[in-house]
A.B. asks: 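Questions regarding the structure given below will be posed in turn.
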Amino acid sequence: MTTHAPQAAQAVTLPTTLDEAVAALTAVPAAVPVAGGTDLMASVNSGQLRPAALVGLGRISEIRGWQYQDGHALLGAGLTHARMGRPDFAALIPALAAAARAAGPPHIRNAGTLGGNIASAAPTGDALPVLAALEATLIIAGPGGARREIPVSHLLAGMDMLRAGELIGYVRVPLLHAPQVFLKATGRTGPGRAVASVALVLDPARRGVRCAVGAIAPMALRPLQAEEWVGRLIDWDNNRAIVPEALNAFGEYVAAACIPDAAPAEDGSVPQLPPAVLHLRRTVAALARRALGRALS
């Protein structure tokens with residue numbers, strides 16, 4: 001006996017190439033692509049989603065690895081968190097490897113993919129602030145073999161969305177050959193789920209710092225003014241030295257930029273932020289300070 005109404009049988013397509021997957025999505029516009037299924041199945045099990053058809057991406061070998069291309073790493077969207085967490089990948093993109101290792105328990109890391117993390121665009125996605133700090137771009141596969149490239153940040157901000165029949169094929173990441181750090185703070189919202197995260201990378205060629213804060217907003221936030229300010233304080237010619245006071249100030253600058261004070265009231269007074277928000281701001285400040293300190297050490 002069951003209290004659940006019977007569900008209609010779902011059509012499942014298992015393409016072996018990226019273009020075959022695009023063709024399957026084009027032929028059945030209501031179909032939903034699925035790789036690891038860690039986010040999709042949670043939505044299905046909670047009743048939020050009832051896909052009419054599925055296009056499985058697990059057999060597409062071309063998007064399960066990576067290659068070098070003009071000073072960049074071209075990462076397949078099918079790379080799992082477990083694969084990105086291995087030492088050979090960590091030597092390539094340390095911050096993304098650290099985020100992959102922090103993505104959750106082993107069964108999530110073994111199934112979840114880089115492309116799925118981006119497509120689901122969950123605020124707590126650990127890879128997202130890293131990709132924002134690295135200023136990564138997406139290579140989108142479309143009908144008829146078409147390919148187009150957009151910044152990851154544009155997709156996450158809704159400035160450029162996936163069109164009908166399109167799939168994320170690859171992620172292009174610049175190889176900076178410089179220190180990178182990913183840190184996150186977790187709470188009681190789930191195993192390994194971030195309440196705040198910070199990705200920070202150094203860019204010696206441009207003598208700059210790139211920082212992105214995740215989990216506290218619908219998309220990763222870039223405190224651009226804080227980046228520019230601290231970049232001018234680093235002695236790039238002397239082992240990237242910086243005075244200790246600047247580390248604390250950078251953390252506070254990042255936190256205030258991402259979690260600003262409340263707007264003034266009509267009488268000119270500034271309302272106090274709620275204790276939970278103040279605690280989150282202190283958490284972001286600590287993560288940003290530690291991330292910069294580790295990158296410069």
Side-chain angles (χ1 to χ4, degrees), residues 64-104 106 108-110 112-118 124-138 151-153 170-186 192 194 196-215 220-223 226-227 230-231 234 236 239-242 247 250-251 254 284 286-297:
R64 297 181 69 83
W66 71 83
Q67 57 186 291
Y68 301 101
Q69 188 181 77
D70 300 327
H72 292 70
L74 193 63
L75 312 178
L79 275 170
T80 64
H81 300 306
R83 184 66 189 90
M84 291 187 291
R86 294 181 187 175
D88 58 340
F89 190 93
L92 188 72
I93 312 173
L96 193 53
R101 289 192 293 265
I108 295 294
R109 298 197 304 271
N110 289 333
T113 64
L114 177 61
N117 213 210
I118 299 168
T124 54
D126 291 320
L128 303 185
V130 179
L131 296 176
L134 289 169
E135 297 181 348
T137 57
L138 302 175
V152 171
S153 58
Y170 302 92
V171 183
R172 191 195 305 278
V173 178
L175 297 176
L176 300 177
H177 304 295
Q180 305 174 8
V181 178
F182 171 79
L183 299 173
K184 77 174 184 178
T186 58
S197 61
V198 169
L200 187 139
V201 301
L202 301 184
D203 188 349
R206 295 196 291 185
R207 299 194 167 206
V209 174
R210 301 189 210 159
C211 177
V213 179
L221 304 176
R222 287 279 303 276
E227 293 177 5
V230 80
I234 297 172
W236 296 96
N239 296 321
R240 297 191 284 262
I242 191 171
L247 291 177
F250 174 70
V254 169
V284 171
L287 291 175
R289 181 182 69 247
R290 292 170 190 167
L292 181 60
R294 291 186 187 184
L296 295 174
S297 63

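Heavy atoms only: backbone and side chains are in, while hydrogens, waters and symmetry mates are out.
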A.B. asks: Determine all donor-acceptor pairs shorter than 3.5 Å in which one atom belongs to a side chain in residues 88-95; sequence neighbours excluded.
C.D. replies:
from  : atom 1 : to    : atom 2 : distance (Å)
Asp88 : OD1    : Arg83 : NH1    : 3.1
Asp88 : OD2    : Arg83 : NH2    : 2.7

A.B. asks: Considering all heavy atoms of both residues, which atom of Ala199 and which atom of Ala133 are nearest to each other, and what is their separation?
C.D. replies: O-CB, 4.0 Å

A.B. asks: Hey, is the main chain of Gly104 close enough, under 3.5 Å, to the side chain of Arg109 for a donor-acceptor pair?
C.D. replies: yes

A.B. asks: Is a side-chain donor or acceptor of Arg210 paired with a backbone partner of Leu134 at a separation under 3.5 angstrom?
C.D. replies: yes

A.B. asks: Provide the closest heavy-atom pair for Gly214 versus Pro129 in the form atom of the first, atom of the second, distance.
C.D. replies: N-CB, 4.0 Å

A.B. asks: Would you please name every residue forming a side chain to side chain donor-acceptor pair (under 3.5 Å) with Arg206, sequence neighbours left out?
C.D. replies: Glu135, Asp203

A.B. asks: Quick one: pull up CG in Asn117 and OG1 in Thr80 and give me the separation to the nearest 0.5 Å.
C.D. replies: 12.0 Å

A.B. asks: Got more than 12 heavy atoms from elsewhere within 6.0 Å of CZ, Arg240?
C.D. replies: yes

A.B. asks: Specify the closest pair of heavy atoms between Ala127 and Leu96, including all atoms of both residues, with the distance to one decimal.
C.D. replies: CB-CD1, 3.9 Å

A.B. asks: Tell me which donor-acceptor pairs under 3.5 Å the side chains of residues 290-297 have, and how far apart each pair is, sequence neighbours excluded?
C.D. replies:
from   : atom 1 : to     : atom 2 : distance (Å)
Ser297 : OG     : Arg294 : O      : 2.8

A.B. asks: I'd like to check the side-chain contact (heavy atoms from CB on, under 4.5 Å) partners of Ala136; sequence neighbours left out, ordered by chain and number.
C.D. replies: Leu131, Val152, Val171, Val173

A.B. asks: If we only count heavy atoms from C-beta on, is the Val230 to Ile242 side-chain gap below 4.5 Å?
C.D. replies: yes

A.B. asks: So, taking the atom named CG in Asn110 and the one named NE2 in His81, what distance separates them when rounded to the nearest 0.5 Å?
C.D. replies: 10.5 Å

A.B. asks: Nearest heavy-atom pair of Leu176 and Leu202: which atoms, and what distance?
C.D. replies: CD1-O, 3.6 Å

A.B. asks: Sequence neighbours excluded, which residues qualify as side chain to side chain donor-acceptor pair (under 3.5 Å) partners of Asp126?
C.D. replies: Lys184

A.B. asks: Among residues at least two apart in sequence or on other chains, which ones pass side chain to side chain donor-acceptor pair (under 3.5 Å) with Ser153?
C.D. replies: none

A.B. asks: Could you state the interatomic distance from CZ (Phe182) to CZ (Arg101), rounded to the nearest 0.5 Å?
C.D. replies: 11.0 Å

A.B. asks: Heavy atoms only: give me the nearest Pro223-Leu221 pair and the separation to one decimal.
C.D. replies: CD-O, 3.5 Å

A.B. asks: Quick one: closest heavy-atom pair of Val284 and Ala196, and the distance?
C.D. replies: CG2-CB, 4.0 Å

A.B. asks: Would you list the atom pairs, donor with acceptor, under 3.5 Å between side chains in residues 69-79 and any protein atom, with sequence neighbours excluded?
C.D. replies:
from  : atom 1 : to     : atom 2 : distance (Å)
Gln69 : OE1    : Arg172 : NH1    : 2.2
His72 : ND1    : Asp70  : O      : 2.9

A.B. asks: Closer than 3.5 angstrom, by distance alone: can the side chain of Glu227 be matched with the main-chain N or O of Cys211 as a donor-acceptor pair?
C.D. replies: yes

A.B. asks: Got a second to check how far Phe250's CZ is from Ile234's CD1, nearest 0.5 Å?
C.D. replies: 8.0 Å

